Amino acid sequence: MSKQKAVDNFERWAQLVQSIAETRGSNAKIELCANYLAQLSPSQLALACQYMGEGAFSNISGKRASIGSRTIGMAAADYCKIDYDIVFKACRTATGSSTETIQRLFENLTETRQKNILRHWDLAHISELAEKLAQTRARKDKQRILTRIWSGLSPLASKYFVRLLSQGSLRIGFESRSILQALAKIYEVDYEQLRYAHMLTGSIAKTAELVSTHSLDQAQFKLFNPIAFMLAAPIQSRSVKDWDTFIAEEKFDGMRCQLHAYGSKVELFSRDLNVVSNQFPELVDSFAIKDLPPVVLDGEICVFRESIIQPFQDLQKRMGVKKPTQALLSKYPVVFIGYDVLFLERESTVKQPLTQRRISIEKLSKTYKFPISSQHAVSSKKQVEQLFEQALAHGNEGLMLKQKNAPYSFGERKNHWLKVKQPSGSIDTVILYAQAGSGKRGGSYSDFTLGVSVKNDARYEEEFIPIGKAYGGYTDQEWKQLNKAIKGCIINRFGPTAQLHPEIVVELEFEAIQPNPRTKAKYTLRFPRFKAIRWDLSPSDVDSLEHVEMLFEEHQSKKRNPQKSSHSFLKPE
DNA sequence: ACTGATGCGTC
DNA sequence: GTCGGAC
DNA sequence: GTCCGACGACGCATCAGT
């Protein structure tokens, strides 16, 4: 085998990734990565970067392996000739990770090891194998292909192959930013320039290819190529005093959308840059007949009926439907509300200050008759509070505060845009079940099922019934305290789940109460999280289901104001 | 042809 | 979407 | 000041099992 081949193969890549995972400190990680990448040819480099930053498929390919943790876990159990439910799941609970479990089982089971013949596949071949999995429909066939792949890979490489198949990251504390830094180092280019190019290409592989062939200037903002959205931070993360440097808009509870248009061609992109044009044909049609100049708009899709913005749950009925029927279209009619312009005529406008972009979008809205958000000048906290109340009355989530002179920082969550929200409420609940977490939360209980009281409720036999699950909102220290307390009240175990004697009271905060007939309580919480562990309270203090129902009714009775005397958005006639 | 589990993407 | 914590 | 992983509910599409 030639020297080149050894560097190029997937085993070597997996070893490098493992050593990055084990190394502390991002500079050291970048150094390791740069040393490895520097040995690769341009085409290998692109793949190596893609695998590290994006997975088996490039972000812009739109491809998916469509194979989830259960299918993979069962294939692994089958390959190792162990029981999935009893052995595999238990190992996963102990290690906190499916892929870690796979590596250890493959290493330690003699029979499995004997099936293993290293094939030393190169990086390109790994792409072909992933492609084959993506093209296979039936889960059984996927599992068969997967086990065949494992038999040709080391346990370590098998672990990382599985991680490549998932949409998320490799979880080695080394994300796209670090890969870009390594590339910047090797090719001696400015990191900011590289980041900018990366945003425009939307793909690490493509960026790596451009930088390695010294053609970064080819990365350009192109119509019908989406770019990452600018994101907002919660206002609590910044103490605002200079109110007048911001403008306010209502924060719509809809779906973020980037609209690209030129003449009769229109394309819609979601927050993750997926094409969603098929889901919203009426939007595509209505913009197609406007004969717009080349333009990219940022905005929100909402269900809008009888002059009232409808709840997010209505929109959910449209989001996943790729071929909506006429009946669905008329039951849940949508609007696109524009609030920013990122490209106009021949050039990107992202570097312009917001005020200037606003002038452009107002002009466009007037000429081509499409809705844009209402914008308000603000000068005091009091005024912001008034606008906030008005936003809620319109059925919106709250406000967005946007810095007037800020550019559109695509792909970043900066303090230039702030979201103003208020938790809808909180209830006192009791922990009923605890489950082990995964990754850095592996091995300890970190995932809790919380219940409300139905003690005096004729409809139920039980004392408490689940209202939701929560993980977030407590600190590492509280997490330790919780685990200590839980040990004392376990009354039953079902695999990784422990049933607890109801003792620990948690104040649970949420964004909304949603009716859901499929659950025992008939209600669930939107965005539930710990507000406080109430060591001072006892189970008898836990709120009742009736209380939850009352909160829901209270909220439900508040009418959503029609867009008449005041407006969340403006639609020129 | 129907039902329930699983996967995926939205917030 | 949410959060706490790492960097 | 930003980024990142580890998590929530929901609805639709797709597939496995009957």
Side-chain angles (χ1 to χ4, degrees), chain A residues 24-27 29-30 64-74 96-97 136-143 165-178 231-234 236-238 251-257 270-276 279 300-302 311-324 328 332 397 409 411-416 419 421 423 435-442 444 446-450 467-479 508-516 518-519 523-531:
Chain A
R24 289 263 141 252
S26 43
N27 286 336
K29 285 171 191 264
I30 290 165
R64 305 275 181 282
S66 290
I67 182 167
S69 58
R70 193 176 167 84
T71 310
I72 291 169
M74 287 173 63
S97 152
T136 306
R137 324 274 333 181
R139 272 205 275 273
K140 275 263 163 59
D141 294 336
K142 282 181 195 279
Q143 290 174 330
L165 297 176
S166 73
Q167 284 301 99
S169 73
L170 286 177
R171 294 190 212 152
I172 53 171
F174 194 76
E175 300 310 316
S176 54
R177 194 179 49 160
S178 304
L231 303 172
Q236 301 91 302
S237 64
R238 187 188 190 281
K251 186 179 189 306
F252 302 103
D253 191 8
M255 181 184 172
R256 194 80 180 270
C257 178
S270 69
R271 213 194 101 149
D272 286 357
L273 309 185
N274 295 307
V275 178
V276 290
Q279 281 91 323
E300 197 94 358
I301 296 174
C302 293
F312 180 71
Q313 270 191 321
D314 282 7
L315 184 62
Q316 277 184 299
K317 296 182 171 62
R318 292 275 317 259
M319 285 189 322
V321 186
K322 287 184 183 143
K323 288 179 193 161
L328 194 70
Y332 302 109
E397 281 191 298
S409 8
E412 294 182 313
R413 191 185 297 281
K414 285 201 165 161
N415 275 340
H416 300 149
K419 46 183 152 189
K421 293 174 79 170
Q435 270 178 286
S438 59
K440 61 186 174 189
R441 291 285 160 105
S444 302
S446 68
D447 187 5
F448 307 99
T449 303
L450 299 131
I467 187 74
K469 286 170 59 166
Y471 150 89
Y474 53 81
T475 62
D476 278 8
Q477 200 190 348
E478 287 174 314
W479 178 42
L508 201 59
E509 196 171 57
F510 53 85
E511 239 30 66
I513 298 170
Q514 307 162 326
N516 180 340
R518 290 189 303 275
T519 61
Y523 292 92
T524 56
L525 307 175
R526 190 179 185 196
F527 309 143
R529 68 265 186 183
F530 280 50
K531 188 178 182 194

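Naming convention: chains lettered A, B, ... in sequence-line order (proteins, then strands); numbering from 1 in each chain. Note: hydrogens, waters and symmetry copies are ignored here, and every other heavy atom, side chains too, is used. The model shown is predicted, which means the values in this text are computed figures rather than measured ones.
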Worksheet item: If we take the C1' atom in both C/dA6 and B/dT3, what is their distance in whole Å?
Response: 46 Å
Discussion item. It should be established whether A/R271 places a side-chain nitrogen or oxygen under 4.0 Å from OP1 or OP2 of nucleotide C/dG1.
Written reply: yes
Discussion item. It should be established whether A/N516 places a side-chain nitrogen or oxygen under 4.0 Å from OP1 or OP2 of nucleotide D/dA9.
Written reply: no
Worksheet entry | Rounded distance (Å) that lies between atom C1' of D/dC15 and atom NZ of A/K142 | 10 Å
Response to the item:
Quick tally for nucleotides 2-7 of chain C: nucleotides whose base has a protein heavy atom under 4.0 Å get B, sugar-phosphate-only ones S, the rest -, giving SSSS-S
Discussion item. Using the ring pair (Phe, Tyr, Trp, His ring centres under 6.0 Å) definition, which of the options A/Y471, A/W479, A/F530 pairs with A/F448?
Written reply: A/F530
Discussion item. When the P atoms of B/dG7 and C/dT2 are compared, how many Å lie between them, rounded to an integer?
Written reply: 27 Å
Worksheet item: Touch check for A/R318, heavy atoms < 4.0 angstrom, all strands: base, sugar-phosphate only, or nothing?
Response: nothing
Practice prompt. Return no unless some side-chain N or O of A/K140 is found under 4.0 Å from OP1 or OP2 of D/dG17.
Written response: yes
Worksheet item: Any Lys/Arg nitrogen of A/D476 or A/R441 sitting under 4.0 Å from an Asp/Glu carboxylate oxygen of the other?
Response: yes
Worksheet, complete the sentence: Separation of B/dC11 atom C1' from A/D272 atom CG, nearest Å, is 11 Å
Worksheet item: Does a side-chain N or O from A/S446 land closer than 4.0 Å to OP1 or OP2 of D/dC7, or not?
Response: yes
Worksheet item: Should A/Q514 be listed as having a side-chain N or O under 4.0 Å from OP1 or OP2 of D/dC10?
Response: yes
Worksheet item: Starting at the 5' end of DNA chain D and moving along, which residue's nearest nucleotide shows up first, A/A470 or A/N415?
Response: A/N415
Discussion item. Please determine whether any donor N or O and acceptor N or O are separated by less than 3.5 Å between the side chain of A/Q313 and the base of D/dC10.
Written reply: no
Worksheet entry | Side-chain N or O of A/T524 closer than 4.0 Å to phosphate OP1/OP2 of D/dG8 | no
Worksheet item: Reckon A/A233 touches a base, only the sugar-phosphate, or nothing at all at heavy-atom distances under 4.0 Å?
Response: nothing
Worksheet entry | Phosphate OP1/OP2 of D/dC15: any A/R137 side-chain N/O under 4.0 Å | yes
Worksheet entry | Nearest-Å distance for atom pair CG/P, residues A/L328 and D/dC12 | 8 Å
Practice prompt. Would you please confirm or rule out a distance under 4.0 Å between OP1 or OP2 of B/dT10 and any side-chain N or O of A/N274?
Written response: yes
Item to complete: Establish, with yes or no, whether the OP1 or OP2 oxygen of D/dG11 is under 4.0 angstrom from a side-chain nitrogen or oxygen of A/R518.
Response: yes
Worksheet item: Is any side-chain heavy atom of A/M255 less than 4.5 Å from a side-chain heavy atom of A/S270?
Response: yes
Worksheet entry | Sugar-phosphate only, base, or nothing, as touched by A/L525 at under 4.0 Å among non-hydrogen atoms | sugar-phosphate
Item to complete: Tell me whether the OP1 or OP2 atom of B/dT10 has a side-chain N or O from A/S270 closer than 4.0 Å.
Response: yes
Worksheet item: Any donor-acceptor pair under 3.5 Å linking the side chain of A/R318 with the backbone of A/Q279?
Response: yes
